[in-house]
Amino acid sequence: MSSYTSVEVSGLAMRYGTKDVLHGVDFTIARGEVLVLLGPNGAGKTTTIEILEGFRMPSAGTVRVLGEDPARADEAWRARIGVVLQSWRDHGRWRVRELLDHLGGFYGPWATPDRPRPYPTDELIEMVGLTEHRRAKVATLSGGQRRRLDVAIGIVGRPELLFLDEPTAGFDPAARRDFHDLVHRLSDLQDTTILLTTHDLDEAEKLADRILILHHGRIVADGSAEALARQVAGTAEVRWCQRGQRHVHATDDPTGFVRSLFAQEAAGPDGPAGPITELEVRRPSLESTYLAMVSEQAGPTLEVVR
């Protein structure tokens, strides 16, 4: 396993009784990469993540996470992993700072010179935006504040690999923006590898270095949001006005088409067709791409996009 690779999955399969949930899933995650896993309910996302976290044994295939088989890894390996579940069963009588300080104490023995553990408690509280609530009891926190605490618990040990399951559920727009900044800080400055699941496609587009789409237990797409949109929709729309008339043109090469428009405009004082105004290029959205890929008609015949 390469030192530049955090996760390697090959031929991963999972069967519950007579039902196959995963069918020969293959993918890798590079160190420091933010990978977003998308898919409809029942696609196999939760099962895949539980296998990577070591909570479930696969029926077949090979899995290496930070160089280890998660199902057989020891406590030293687990100290390198962070997990933020959709909900966390906490004790309401704990105060925020006391709880994080207590949990952080478990990570001290696994500190290394290049990755000290855990985060200092006050620094961690500031990172997740709970400074004003550091002495508050958990039971008194709002839903969004409790979700911030969930994130703090997941990263308290300064993980090398972080699993985030619907992390912004219950966040207001400001809290969501702060969380996005935190994800970029972790990946860009701390070199943390992040695997995130979300149903918020706008969030996926903002955060992902790469997107995997699972459908019927198979990966049907693998690539950046822009690459997937180009592959599925193929074309972009160029909109502009000339001499009071609005025009729309679909093209596979919007950059080249726009250049040709301006070349025409530069051909004379007013251009052959007049000056160009209100120029706009509209590319396919991740939402339209995703819906196309998971539709019942397209799903069984899609090829993996890279």
Pairwise side-chain contact, Thr255 with Phe257, heavy-atom cut-off 4.5 Å (strictly under): no
Close side-chain approach of Leu52 to Val9, heavy-atom, < 4.5 Å: yes
Minimum heavy-atom distance Tyr119-Ile155, with the two atoms named: CD1-O, 3.1 Å
Closest contact, heavy atoms only, Ala204 versus Val36: CB-CG1, 3.7 Å
Donor-acceptor contact present, side-chain Ser142 to main-chain Gln145, <3.5 Å: yes
Transitive ILVMFWY side-chain link Val238 to Phe262, under 4.5 Å: yes
Side chain proximity check, Phe163 to Val84, heavy atoms < 4.5 angstrom: no
Val138 vs Leu149 side-chain heavy atoms within contact, under 4.5 Å: yes
Member of Ile125, Leu124, Thr121 meeting the side chain to side chain contact (heavy atoms under 4.5 Å, CB included) criterion with Asp101: Thr121
Over all atoms of both residues, closest heavy-atom pair of Arg78 and Gly54: NH2-O, 3.9 Å
Distance, nearest 0.5 Å, that separates CG of Leu12 from CZ of Phe27: 7.5 Å
Candidate pair His184 and Leu207, rule side chain to side chain contact (heavy atoms under 4.5 Å, CB included), full reasoning: CA-CA 8 Å; His184 289 304; Leu207 293 179; 3.9 Å; yes
I'd like a table of donor-acceptor pairs (distance under 3.5 Å, sequence neighbours excluded) in which one partner is a side-chain atom from residues 193-201, with atom names and distances.
| residue | atom | partner | partner atom | Å |
| --- | --- | --- | --- | --- |
| Thr193 | OG1 | Ser6 | OG | 2.8 |
| Thr193 | OG1 | Gly32 | N | 2.9 |
| Thr197 | OG1 | Asp165 | OD1 | 2.7 |
| Thr197 | OG1 | Glu166 | N | 3.4 |
| Thr198 | OG1 | Asp200 | N | 2.9 |
| Thr198 | OG1 | Glu203 | OE1 | 3.0 |
| Asp200 | OD1 | Asp202 | N | 3.1 |
| Asp200 | OD1 | Glu203 | N | 3.0 |

Salt-bridge contact Glu160-Arg117 (side-chain N to carboxylate O under 4.0 Å): yes
Heavy-atom closest contact (Ser59 atom, Arg15 atom, distance): OG-N, 2.9 Å
Shared hydrophobic cluster, Val281 / Leu261 (ILVMFWY, side-chain heavy atoms < 4.5 Å): yes
Pair Asp222-Arg210, salt bridge (charged side-chain N to carboxylate O under 4.0 Å, His left out): steps then yes or no: CA-CA 7 Å; Asp222 179 351; Arg210 189 158 57 95; 2.8 Å; yes
Exceeds 12 heavy-atom contacts within 6.0 angstrom, atom NZ of Lys45: yes
For Ala136 against Thr140, the heavy-atom pair lying closest together: CB-OG1, 3.8 Å
For residues 103-112, dump all side-chain donor-acceptor pairs below 3.5 Å to protein atoms at least two apart in sequence or in another chain.
| residue | atom | partner | partner atom | Å |
| --- | --- | --- | --- | --- |
| Thr112 | OG1 | Asp114 | OD1 | 2.7 |
| Thr112 | OG1 | Arg115 | N | 3.1 |
| Thr112 | OG1 | Arg115 | O | 3.4 |

Greater than 12 external heavy atoms within 6.0 Å of Arg259's CZ: no
Minimum heavy-atom distance between Ser10 and Asp26, given as atom pair plus value: CA-OD1, 3.0 Å
Arg80 vs Leu161, side chain to side chain contact (heavy atoms under 4.5 Å, CB included): CA-CA, chis, key distance, verdict: CA-CA 7 Å; Arg80 301 164 65 193; Leu161 173 61; over 6 Å; no
Backbone N/O of Glu33 and side chain of Asp209: donor-acceptor pair under 3.5 Å: no
Aromatic ring pairing Trp240/His249, orientation class (parallel under 30°, perpendicular over 60°, tilted between): perpendicular
More than 12 heavy atoms of other groups within 6.0 Å of Glu75 CD: no
Leu100 side chain reached by Ile153 side chain, heavy atoms, under 4.5 Å: yes
Main-chain N/O of Ala30 paired with Thr5 side-chain donor or acceptor, under 3.5 Å: no
Beyond-backbone contact of Val7 with Thr28, side-chain heavy atoms, under 4.5 angstrom: no
Presence of salt bridge, Glu8 and Arg64, under 4.0 angstrom: no
Residue pair Arg97 / Arg135, side-chain heavy-atom distance below 4.5 Å: no
Distance under 6.0 Å and angle within 45° of ring axis: Arg31 vs Tyr4: no
Electrostatic pair Glu132:Arg134 at N-O distance under 4.0 angstrom: no
Within-4.5 Å side-chain heavy-atom neighbours: Ile211 and Ser224: no
Shared hydrophobic cluster, Leu22 / Tyr16 (ILVMFWY, side-chain heavy atoms < 4.5 Å): yes
